[in-house]
2 protein chains.
Amino acid sequence: MTRTDTRERILDEAEQLMGARGYSGFSYQDIARPLGIRNAAIHYHFPTKADLGVAVIQRYRDMLAAAWKDFRAGRTSPRQQFDGYLHIFTHEAVRNQTLCPMGVLTADYFNLPDSMLEAGTTLKREVLEWLAEILASGRDSGDFRFEGNPEDEALMVMATLQGARQMARMIGTDAMMAIVTRLRSDLVADAGDRAA
Amino acid sequence: MTRTDTRERILDEAEQLMGARGYSGFSYQDIARPLGIRNAAIHYHFPTKADLGVAVIQRYRDMLAAAWKDFRAGRTSPRQQFDGYLHIFTHEAVRNQTLCPMGVLTADYFNLPDSMLEAGTTLKREVLEWLAEILASGRDSGDFRFEGNPEDEALMVMATLQGARQMARMIGTDAMMAIVTRLRSDLVADAGDRAA
DNA sequence: GCGTTTACTTACTTATAAGTAAGTCAACAT
DNA sequence: ATGTTGACTTACTTATAAGTAAGTAAACGC
């Protein structure tokens, strides 16, 4: 009940709802009711639904940027950083089978207002750049093993993660985790079993 | 203008629209207008939207079943069959950046009526069973190389394909094709470059 | 030729969506 | 104490959604 954590709680609900039902799959009602506020209260903080959608993406970008900063501050290895990202990525998925904002972006693409597409393009770029960077330095350090350039590998990793998270709805979260674990072990050099 | 190809044209539009905007992202209007018919004409063929959604899935299942039958009739190798599936899968994606009905199912999962979830579960099972089968026989014949059981590999392949197709909206279809090509070459034994 | 069925149309209902305008009321600044 | 601002609420508008009921006209069975 302090000052405006209302805004933050609106964003919490919106992120959950967007992750579960997509951008056009939730209404202001869906947010207002559980929070015990009125529709217009949301319009006060976010005049249009597009503003709300952009804010969700923005906050998610900030969260990731903070996590990446922590990773770097902790002088963690590329592999540990990658595992940290996997944890962030899979944790919510296991809890409630939602998509991350980036998954929503690609899934709901043709329903999104321009402002969200712009914010989403930035998010996509940041994620792929970070991933490519961690993959590149990880290959140099011997943490990772893969062929081709790190940018392509980053795309491959993202596609598999997003696909797995989405498929979790139909195959269950255990099967999703199996895919993620397999992806990781294909990438990690000392996986043990080795190849061909 | 023959007798009821109207029904089929409704399904064509619905499949396109669902693939582009999801199940709850299109309306009867969106279908009726381009076909030059009225909303109620769609209700005549498909009383509820759920019926329409189920019919789209059903028709897609039939299409795949026919393709698989052709593959088998042609005595094509596991690799050729896999390539055939990749072609079906990627062709529409490149043309219009839609998702396949199975992608829609996972993306829009929590918006779907029960009848669609049931039809979707069957579709998912069929696709994964076919894939696992082709992967298994392909490994036996030397067409494919992978570790672990074929069922897990099938999940891995599906996740990557679905993720890539969805990401095509943001990264472009060329990048999507690069992912698919890479997935294929990781799977095909004589890929040349080899591993480890 | 005539009744029934098929494939629609027109005209409607009901629900829910986003968004707006005007009002309220507590806290704070002066 | 008083005016202003922040954080809402009540009450509304407009648009669009799915779905229904009743009518129509062509083709088909007989």
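Labels below follow one simple rule: chain letters A, B, ... track the order of the sequence lines, proteins then strands, and each chain is numbered from 1. No hydrogens, no waters, no symmetry mates; every other heavy atom, side chains included, goes into these values. Please read all numbers here as calculations on a predicted model, not as lab measurements.
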- Task: Give the rounded distance in Å between these two atoms: CG of A/Leu52 and P of C/dA17.
- Result: 14 Å

- Message: At less than 4.0 Å, is any side-chain N or O atom of A/Ser27 found next to OP1 or OP2 of C/dT16? Yes or no.
- Response: no

- Note on the structure: Of the listed D/dT10, C/dA18, D/dC8, the closest approach to the A/Ala40 side chain comes from D/dT10

- Item | Nearest-angstrom distance from the residue atom CZ of B/Arg7 to P of C/dC8 | 12 Å

- Message: Just so I know, are the side chains of A/Trp68 and A/Val127 near enough to count as touching, which here means a heavy-atom distance under 4.5 Å?
- Response: yes

- Query: Reckon A/Phe26 touches a base, only the sugar-phosphate, or nothing at all at heavy-atom distances under 4.0 Å?
  - Reply: sugar-phosphate

- Among the nucleotides C/dT10, D/dA18, C/dC8, whichever has the atom closest to the side chain of B/Arg38 is C/dT10

- Query: B/Asp51 has an atom CG; how far is it from atom P of D/dT20, in whole Å?
  - Reply: 10 Å

- Query: In whole Å, what is the span from the CD1 atom of B/Ile37 to the C1' atom of C/dT10?
  - Reply: 15 Å

- Side-chain atoms of B/Ala41 come closest, of C/dC8, C/dA17, D/dT9, to C/dC8

- Task: Would you sort out whether A/Val56 and A/Tyr60 count as a side chain to side chain contact (heavy atoms under 4.5 Å, CB included), showing the intermediate values?
- Result: CA-CA 6 Å; A/Val56 167; A/Tyr60 184 72; 5.6 Å; no

- From D/dG19, C/dG19, C/dA18, nucleotide with atom closest to B/Thr48 side chain: D/dG19

- Message: Please pick, from D/dG19, D/dT20, D/dT9, the nucleotide with the shortest atom-to-atom distance to any side-chain atom of B/Tyr28.
- Response: D/dG19

- Rounded to the Å, how far apart are A/Lys49 NZ and D/dA15 C1'? 15 Å

- Query: Think B/Thr6 has a side-chain N or O under 4.0 angstrom from the OP1 or OP2 of C/dC8?
  - Reply: yes

- Taken to the nearest whole Å, CG/A/Leu35 to P/D/dA7 is 16 Å

- Item | B/His45 side chain near C/dC8 phosphate (N/O to OP1/OP2, under 4.0 Å) | yes

- Task: Figure out the NE2/C1' separation between B/His43 and D/dG19, and round it to whole Å.
- Result: 5 Å

- Message: Tell me whether the side-chain N/O atoms of A/Tyr44 come closer than 4.0 Å to OP1 or OP2 in D/dC8.
- Response: no

- Pairing of A/Glu147 and B/Arg182 as salt bridge, 4.0 angstrom limit: no

- A/Phe71 ring center near A/Tyr85 ring center (under 6.0 Å): no

- Message: The criterion is ring pair (Phe, Tyr, Trp, His ring centres under 6.0 Å); which residues satisfy it with B/Phe26, sequence neighbours excluded?
- Response: none

- Note on the structure: Between CG of B/Leu17 and P of D/dA17 the distance, given in whole Å, is 11 Å

